[in-house]
Protein chains: 2
Amino acid sequence: MGNPKQKWTSEEEEALRAGVAKHGTGKWKDIQRDPEFNPFLSSRSNIDLKDKWRNMSVSAGGQGPREKSRSSKAKANPDTPTTTPSSVQTSVAASVAHDTAADPNVDDSTKSLTDGKNASSYNAMIFEALSTLNEPNGLDTSKIVSFIEQRHEVPQNFRRLLSTRLRRLVTQDKLEKVV
Amino acid sequence: MGNPKQKWTSEEEEALRAGVAKHGTGKWKDIQRDPEFNPFLSSRSNIDLKDKWRNMSVSAGGQGPREKSRSSKAKANPDTPTTTPSSVQTSVAASVAHDTAADPNVDDSTKSLTDGKNASSYNAMIFEALSTLNEPNGLDTSKIVSFIEQRHEVPQNFRRLLSTRLRRLVTQDKLEKVV
DNA sequence: CGCTAGGGTTAGGGTTCC
DNA sequence: TGGAACCCTAACCCTAGC
């Protein structure tokens, strides 16, 4: 693309700082239009100004490494009960982490590379479903089944097989049942 | 000012849909006032309703039923600061749950049945690696790369592509960086 | 004035480039 | 890998017109 990526010059940054000082943050269009700064910012959009200000703020004052959690519970969440009762859900949480201690011995013993239809490659399909249609609250069994059926060959008793796998993963802490 | 931006919850959306079904579009104030929906929409103005309906219509009619939603997961976040100078690791935690709101419209529509090489099917491979060689502390990038390379075709710049995906998943709370 | 329809702008998450 | 520049779009604002 013809996108050489336009780096910001110090004049532009200066103009932006002055503009914010005059109009306040959030008034990007006003700043961009202001004849006092426009000569320096003519090639920048109001959105560019906003983005640049965000970057400047981060690198400048942002020194609070901690405090990263999203929380923001400020939202009043009435959370009405009895909202359309439907099906039971499952959620997943695979957690894995590698430890620094290298352990040479392979214990997996997973059968082999035969990633055909059977084996724990079903796990992969499950995660594929969960990560592809990535719903905030997870997928119930039915949704997982239909997703997988659409793109893989599956045995006839698949649904049963799947729920077994799901339960297994949950006990292994790789999935998290959500409701 | 104290307006961190209020994202719409599914309850609110549902109430809005029901309100429109009952009063018709354009009757925003009526919907907002209706005691049947007001409990869900008390923090929204009639104008908010109108704007939201516009957004919903756009995304519904178009093509991208993209619905991300943030939703904060109360996941315990140990977050160890700068420890173990050795190698960095990654771990994963996918969490999904299905939401109760039933939506009649078929939303699967995920195009790509071509689950070939590209696309977010990489996510599936990542989870496959993590769940197959299921290490107590997760896998570092290199291990994931070699696992995947052994059983799938991958582009040459795969390692880079992978780390991008990993970062993405982490920000989505589907993976957890373990260190 | 109250309310709605639309166009305009901002906020913030996500993505790409280097 | 990480940060700076850029993109996307939900959420919010402004205003004409009824």
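Below, chain A is the first sequence line, B the second, and so on; all start at residue 1. FYI, side chains are in, hydrogens and waters are out, and symmetry mates aren't considered; it's all heavy atoms of this structure.
For B:Arg160 against D:dG2, a side-chain-to-base donor-acceptor contact under 3.5 Å is present. One N or O donor and one acceptor, one from the side chain of B:Lys5 and one from the base of C:dA11, sit under 3.5 Å apart.
Where A:Gly26 and B:Arg167 each meet DNA chain C at their nearest nucleotide, the meeting point lying more 5' is that of A:Gly26. Sequence order on DNA chain D of the closest nucleotides to B:Thr164 and A:Lys7 puts B:Thr164 first from the 5' end. Along DNA chain C, the nucleotide nearest B:Lys27 and the nucleotide nearest A:Thr25 are compared for position; the residue whose nucleotide lies closer to the 5' end is B:Lys27.
A sub-4.0 Å separation between OP1 or OP2 of D:dA5 and a side-chain N or O of A:Arg44 is absent. Between A:Asn46 and C:dT10, a side-chain N or O to OP1/OP2 separation shorter than 4.0 Å is present. In this structure, B:Arg33 reaches the C:dC3 phosphate: one of its side-chain N or O atoms is under 4.0 Å from OP1 or OP2. In this model, the phosphate group of C:dA5 is approached by a side-chain N or O of B:Trp28 to a distance below 4.0 Å at OP1 or OP2. Here B:Lys52 reaches the OP1 or OP2 of D:dA11: one of its side-chain N or O atoms lies under 4.0 Å away.
If you measure from atom CG of B:Leu49 to atom P of D:dA11, you get 12 Å, rounded to the nearest angstrom. Atom P of nucleotide D:dC13 and atom CG of B:Asp51 are separated by 9 Å, given to the nearest angstrom. Following rounding to the nearest Å, A:Trp53 (CH2) and C:dA11 (C1') show an atom-to-atom distance of 16 Å. Following rounding to the nearest Å, A:Gln32 (CD) and C:dG8 (P) show an atom-to-atom distance of 15 Å. Taking atom CZ of B:Arg54 as the reference point, atom C1' of D:dC12 lies 10 Å away to the nearest angstrom. Residue A:Leu16 contributes atom CG, which lies 14 Å from atom P of D:dA4 at whole-angstrom precision. Between A:Ile47 atom CD1 and C:dT9 atom P there is a gap of 10 Å when expressed in whole angstrom units. Atoms CG (A:Asp48) and C1' (D:dC8) sit 14 Å apart, rounded to a whole Å.
For the 3.5 Å distance criterion, the side chains of A:Arg33 and A:Asn38 fail to qualify, holding no donor opposite an acceptor.
Between A:Asp140 and A:Lys143 there is no salt bridge, since no side-chain nitrogen of the basic residue lies less than 4.0 Å from a carboxylate oxygen of the acidic one. Using a 4.0 Å cut-off between charged side-chain N and carboxylate O, A:Glu36 and A:Lys22 make a salt bridge.
As judged by a 4.0 angstrom heavy-atom cut-off over every strand, B:Lys29 is placed among residues touching the sugar-phosphate backbone only.
With hydrophobic clusters built from ILVMFWY side chains whose heavy atoms lie under 4.5 angstrom apart, A:Ile47 does not share a cluster with A:Leu16.
The aromatic rings of A:Tyr122 and A:Phe158 sit tilted, their planes meeting at an angle between 30° and 60°.
Here D:dC7 is the nucleotide among D:dA4, D:dC7, C:dG7 with the atom lying nearest to any side-chain atom of A:Lys50.
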